[in-house]
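Along the sequence shown, residues are numbered consecutively beginning with 1.
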Amino acid sequence: MSYSIFFFFILVLANPSHQAPDLVTTTCDKTLYKDLCKSALATAPKTDVKDVQSLAKFALEMTSLNGGEIHKRITQLLTTNSDEFVKQCLTDCSTVYQDAIDQLNDSMVALDTKAFNDVNTWVSAAMTVAQSCEDGFKGKQGIVSPLTDMNKRFGQLCSLSLAITNQAAKN
């Protein structure tokens with residue numbers, strides 16, 4: 001074998017982009033919300049995300065942060081809204097989102113020990129929060145949830161976290 005062919009193979013094998021498709025892309029392609037997955041996880045630090053399990057942890061962190069942003073938005077809405085029914089709905093949403101954030105944080109710890117069943121249980125419970133919050137506003141005609149888009153995204157991020165965690169469990 002000539003030296004030029006030898007060096008070509010060394011360069012190709014040394015360049016990770018030639019070895020395998022991008023982890024985020026291949027993982028997200030196996031989820032329900034592929035585009036959201038790719039955009040949300042594109043910011044994953046390459047040094048921290050080396051396999052599907054570390055990508056699952058990053059997804060859980062992103063989902064927890066999103067829940068925290070929703071919780072902050074609820075707090076803002078509580079200070080500016082005067083309708084008692086809406087305030088009660090927002091208070092209920094605040095409580096369940098805090099629980100969801102706690103469940104997601106517990107899930108990250110469980111993921112570290114590969115307790116995948118616990119992760120699935122807690123993320124599934126967190127995912128129901130978005131719909132519960134949304135449903136609360138349906139209790140009075142003419143009231144529209146100010147959190148619909150945020151609730152939808154949170155539910156989708158939970159779904160992504162579950163899908164990626166399930167992929168990690170298979171590895």
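No continuous path of hydrophobic side-chain contacts links L157 to L65 [ILVMFWY only; heavy atoms under 4.5 Å]. A continuous path of ILVMFWY side-chain contacts below 4.5 Å connects M62 to V52, so both sit in one hydrophobic cluster.
Counting heavy atoms from C-beta outward, N171 and D51 have side chains that stay 4.5 Å or more apart. In this structure, the side chains of N66 and T63 stay at 4.5 Å or more apart for every pair of heavy atoms. Here the side chains of F58 and P45 are in contact, with some heavy-atom distance below 4.5 Å. Within the 4.5 Å cutoff, side-chain heavy atoms of C28 are placed close to those of L41. I164 has its side chain within reach of C37: a pair of non-hydrogen atoms, C-beta onward, lies under 4.5 Å apart.
Summarising the geometry of A130 relative to G155, their closest heavy-atom pair is CB-N, 4.1 Å, with the distance given to 0.1 Å. Closest non-hydrogen pair, T31 versus A163, comes out as CG2-CB, 3.8 Å. Across every non-hydrogen atom of C158 and A126, the tightest pair is SG-C, 4.1 Å. Between L23 and V49, the closest heavy-atom pair is CD2-CG1, 3.8 Å.
Take D112 and apply the salt bridge (charged side-chain N to carboxylate O under 4.0 Å, His left out) test, not counting sequence neighbours, and it matches K57. For K72, the salt bridge (charged side-chain N to carboxylate O under 4.0 Å, His left out) partners two or more places apart in sequence, or in a different chain, are E69. Judged as a salt bridge (charged side-chain N to carboxylate O under 4.0 Å, His left out), and not counting sequence neighbours, the contacts of K138 are D135. With sequence neighbours left out, the salt bridge (charged side-chain N to carboxylate O under 4.0 Å, His left out) criterion links K114 to no other residue.
Applying the salt bridge (charged side-chain N to carboxylate O under 4.0 Å, His left out) test to residues at least two apart or on different chains, none of the pairs has a partner in residues 78-99.
With rounding to the nearest 0.5 Å, the separation of OH in Y33 from NZ in K38 is 15.5 Å. Interatomic distance, OG of S161 versus CD of E61, reported as 10.0 Å (0.5 Å rounding). Atom OG1 of T25 sits about 12.0 Å away from atom NZ of K34, to the nearest 0.5 Å. Here the CG atom belonging to N120 is positioned 4.5 Å from the CG atom belonging to N166, to the nearest 0.5 angstrom.
At distances below 3.5 Å, not a single donor-acceptor pair connects side-chain atoms of K30 with backbone N or O atoms of T27. Judged by distance alone, the side chain of S124 and the main-chain N or O of T121 form no donor-acceptor pair under 3.5 Å. S54 places a side-chain N or O within 3.5 Å of a backbone atom of K50 that can act as its donor or acceptor partner.
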Tell me, with the steps shown, if C93 and C133 meet disulfide bond (SG atoms under 2.5 Å apart). CA-CA 5 Å; C93 288; C133 177; 2.0 Å; yes
Between S64 and N105, is a side chain to side chain donor-acceptor pair (under 3.5 Å) present by the stated rule, with each step listed? CA-CA 7 Å; S64 180; N105 291 336; 3.2 Å; yes
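Using a 3.5 Å distance cut-off with no hydrogens or angles, the side chains of D118 and S107 do not pair a donor with an acceptor.
Other cluster members for V129: L60, I70, I74, L77, L78, F85, V86, L90, V96, Y97, L104, M108, L111, F116, V119, V123, M127, F137, I143, L147, M150, F154, L162, joined by side-chain heavy-atom distances under 4.5 Å among Ile, Leu, Val, Met, Phe, Trp and Tyr.
The only option from Q156, Q131, E134 that meets the side-chain hydrogen bond (donor to acceptor under 3.5 Å, both in side chains) definition with N151 turns out to be E134.
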